[in-house]
Number of protein chains: 2
Amino acid sequence: MNALGRHVIAELYGCGFDVLNDVKRVEEIMVKSALEAGAEVREVAFHKFSPQGVSGVVVISESHLAIHTWPELGYAAVDVFTCGDTVDPWDATNYLAKEFGAKYMTAKETKRGVMVEEFAESQAVNL
Amino acid sequence: MNALGRHVIAELYGCGFDVLNDVKRVEEIMVKSALEAGAEVREVAFHKFSPQGVSGVVVISESHLAIHTWPELGYAAVDVFTCGDTVDPWDATNYLAKEFGAKYMTAKETKRGVMVEEFAESQAVNL
C-alpha cells in the first residue's frame with residue numbers, strides 16, 4: 001500500500017496529575033519526543049485550560065504531534081503523524097508514554113494519503 | 001461506549017493546487033471550519049514548506065484541527081478532534097472538503113478516551 005504517512009492514535013491512561021497539568025512540562029516533553037524520533041520542529045502551540053488540562057501541538061517537517069490532557073482522569077489523548085521514511089511515529093509515541101508515566105496505553109496506526117487511485121475511489125464519499 | 005471525544009481522520013483527494021499551496025488561505029479555511037462547527041479557537045500555528053505544501057493546526061477549546069497538504073498531488077490530510085457534545089467534527093470536516101474543492105474524500109471516526117476500565121485494560125499495551 002503506497003501511503004504518504006503514518007498516523008498513530010494513542011490513549012495514555014494512568015498518567016500523573018501534575019505532569020499532565022503543567023503546560024511547560026507538557027510542551028517540553030512533546031518537543032523532546034519529536035526530537036528523539038529524529039523529527040525537525042517547525043512550530044509549537046500550547047494552551048492551558050482552567051481549572052485543568054493542556055492542549056498542544058508540535059508542527060514538524062514530517063507532519064505533527066498533538067496532545068490533549070485530562071489530569072483529573074490521568075488521561076492523555078496523543079496523536080503522532082509522520083510522513084516520509086526517516087521518522088517512526090512509534091518512537092515518539094513510546095517516548096511520550098514513558099515520560100507521562102502512563103500505566104497502560106492503547107494505540108493504533110492508520111496509513112495516511114494512500115495514493116492507489118482505485119482504492120481511494122472504492123471508499124470515496126462522493127462530494 | 002463512554003468516550004471523551006471523537007476524532008475524524010479524513011483524506012481529501014482531487015483538491016486544487018493553488019488553494020492547498022496558499023498558507024494564508026489554508027489557515028483562513030481551517031479557522032473558519034472550526035468556527036462554522038461552533039468551536040472556540042485558542043491557538044493557531046501554520047507553516048509553509050518550500051517548494052510547496054502547508055502544515056498547520058488550530059487548537060480549539062474542544063481539542064484540535066490539523067492539516068497537511070501535498071498540492072502537487074491535490075491531496076490534503078485532515079484530522080478533526082472534538083471533545084464534548086457541542087461540536088460535531090463532521091461539520092468541520094465536510095466544510096474543509098467543500099472549501100478545498102475535494103473531488104472525493106475517505107474518512108473515518110475514532111472514539112477517543114474511552115473510560116471503561118475493562119475495555120482499556122483488555123486492549124492495553126503493558127508499559
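Cluster membership for A:V31 and A:L96, using ILVMFWY side-chain heavy atoms within less than 4.5 angstrom, is shared. Under the 4.5 Å side-chain heavy-atom criterion for grouping Ile, Leu, Val, Met, Phe, Trp and Tyr, A:V19 is connected to A:V44 within one hydrophobic cluster. B:F49 and A:V57 end up in different hydrophobic clusters when Ile, Leu, Val, Met, Phe, Trp and Tyr side chains are linked at under 4.5 Å. By the rule that hydrophobic residues join a cluster once side-chain heavy atoms approach within less than 4.5 Å of another member, A:L35 and A:V26 end up as members of one cluster. B:I9 and A:V80 are not part of a single hydrophobic cluster, where members link through side-chain heavy atoms under 4.5 Å apart.
Between A:S55 and B:V59, the shortest heavy-atom contact is CB-CG1, 3.8 Å. Nearest heavy-atom pair across A:F81 and B:A77 is CE2-CB, 3.7 Å.
The contact between A:F46 and chain B is made entirely by backbone atoms, counting heavy-atom distances below 4.5 Å. Looking at A:H64, both its backbone and its side chain come within 4.5 Å of chain B, counting heavy atoms on both sides.
Interatomic distance, NZ of A:K111 versus CD of B:E11, reported as 12.0 Å (0.5 Å rounding). To the nearest 0.5 Å, atom CD of residue B:E43 and atom CD of residue A:E43 are 12.0 Å apart. Rounding to the nearest 0.5 Å gives a distance of 5.0 Å between CE of B:M115 and OH of A:Y13.
Atom NZ of B:K32 is surrounded by 12 or fewer heavy atoms from other residues, nucleotides or ligands within 6.0 Å.
When atom types are taken as modelled, the side chain of B:R112 and the backbone of A:V78 share a donor-acceptor pair closer than 3.5 angstrom.
Of the listed residues A:I60, A:D79, A:I67, A:T110, the one with more heavy-atom pairs under 4.5 angstrom with chain B than any other is A:D79. Options B:S61, B:G53, B:A66 differ in how many heavy-atom pairs under 4.5 Å they form with chain A, and the most are formed by B:S61.
At least one side-chain heavy atom of A:L4 sits less than 4.5 Å from a side-chain heavy atom of B:L73.
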